[in-house]
Amino acid sequence: MKLNLNKLLVAALFLGLALTPLCAQTNTGTEANSNAPATVEHTLSANPSSFHFSGEDLKQTLAVMIPIIAIVMGCSIPIVIVGLQLYFRHRKNKMLHETIQTIVEKGAPIPPELFSKADSDSLGFGRPRRPRNDLRIGLICIGVGVGLLVTAVKAGFIVLFMGIAFMISGILQKNKDDVQPPKV
C-alpha cells in the first residue's frame, strides 16, 4: 500500500489537533498546571510526558493561524484555477500536435477541421468566438451607468462614459464596414 506524504501530514495534523484538548484535560496535578511559568526546556527536563499545550495556547495559536491560512487560501485559489486552465489547454494542444504528427508520419492529408476547431476554441470553453459588437456593449454600459448614477453618482459617470465611447466606436466601425466593397 502506497502512502501519500500529503495525506500522512494532514492526518498527523488532525490527530494532533484532536488529542491536544484531551491531553490538557487529563494532565491534572502536574507542575505544568502550577502558577509558576515554566519553559519548554524546564518542562521537558523535569517530566517529558507532562509537556502539553493548554487549551488557551491552542486558542491563541489558532487565532493567529486562521487569518494567515485564510489569506493564503484566498490568494492561492485563483492561482490554482488559472494554473489548471493553462495546464488543460496545454494538454489539449499537445494532444492536437501529437495527432497531427501521427497523421504526417502516415502520409495522410491533414483535415482542415482540426485547425478550425483549434481556432474557434482558443479560450478552451468549447464555443466559437462571436464577432465584436461595440454597439451592444455600449448600450449595456450606458444602461448600467444610468443605473449606477441613481445609486452611486461617481461610479455611474465612469461606466456611462465608457458606454458612450463604445457606442461611438460601434457607429464608426459600422460606417467603415459600409464603405468597403464586399469581398468576392
State yes or no: do [X] and [Y] share one hydrophobic cluster built from I, L, V, M, F, W and Y residues joined by side-chain heavy-atom distances below 4.5 Å, directly or via other members?
X: Val159; Y: Val150; value: no
X: Leu149; Y: Ile164; value: yes
X: Leu172; Y: Leu139; value: yes
X: Ile140; Y: Leu160; value: no
X: Phe161; Y: Leu148; value: no

Of the non-hydrogen atoms in [X] and [Y], which two are nearest, and what is the gap between them?
X: Ile142; Y: Met167; answer: CD1-CG, 3.7 Å
X: Cys141; Y: Gly163; answer: CB-CA, 3.4 Å
X: Gly138; Y: Phe166; answer: CA-CB, 3.5 Å
X: Pro111; Y: Ile103; answer: CD-CD1, 4.2 Å

Take His97 and Gln101 through the test side chain to side chain contact (heavy atoms under 4.5 Å, CB included) and record every step on the way to the result.
-> CA-CA 6 Å; His97 288 280; Gln101 186 177 8; over 6 Å; no
Donor-acceptor under 3.5 Å (Thr61 side chain, Asp57 main chain) = yes
In this structure, CD1 of Ile171 is separated from CG of Asp134 (nearest 0.5 Å) by 10.5 Å
Does the side chain to side chain contact (heavy atoms under 4.5 Å, CB included) test come out yes or no for Ile137 and Asn133, once each step is laid out?
-> CA-CA 6 Å; Ile137 295 171; Asn133 190 351; 5.6 Å; no
Please list every donor-acceptor pair under 3.5 Å in which a side-chain atom of residues 64-78 meets a protein atom from a residue at least two apart or in another chain.
residue : atom : partner : partner atom : Å
Ser76   : OG   : Val72   : O            : 3.0
Ser76   : OG   : Met73   : O            : 3.3

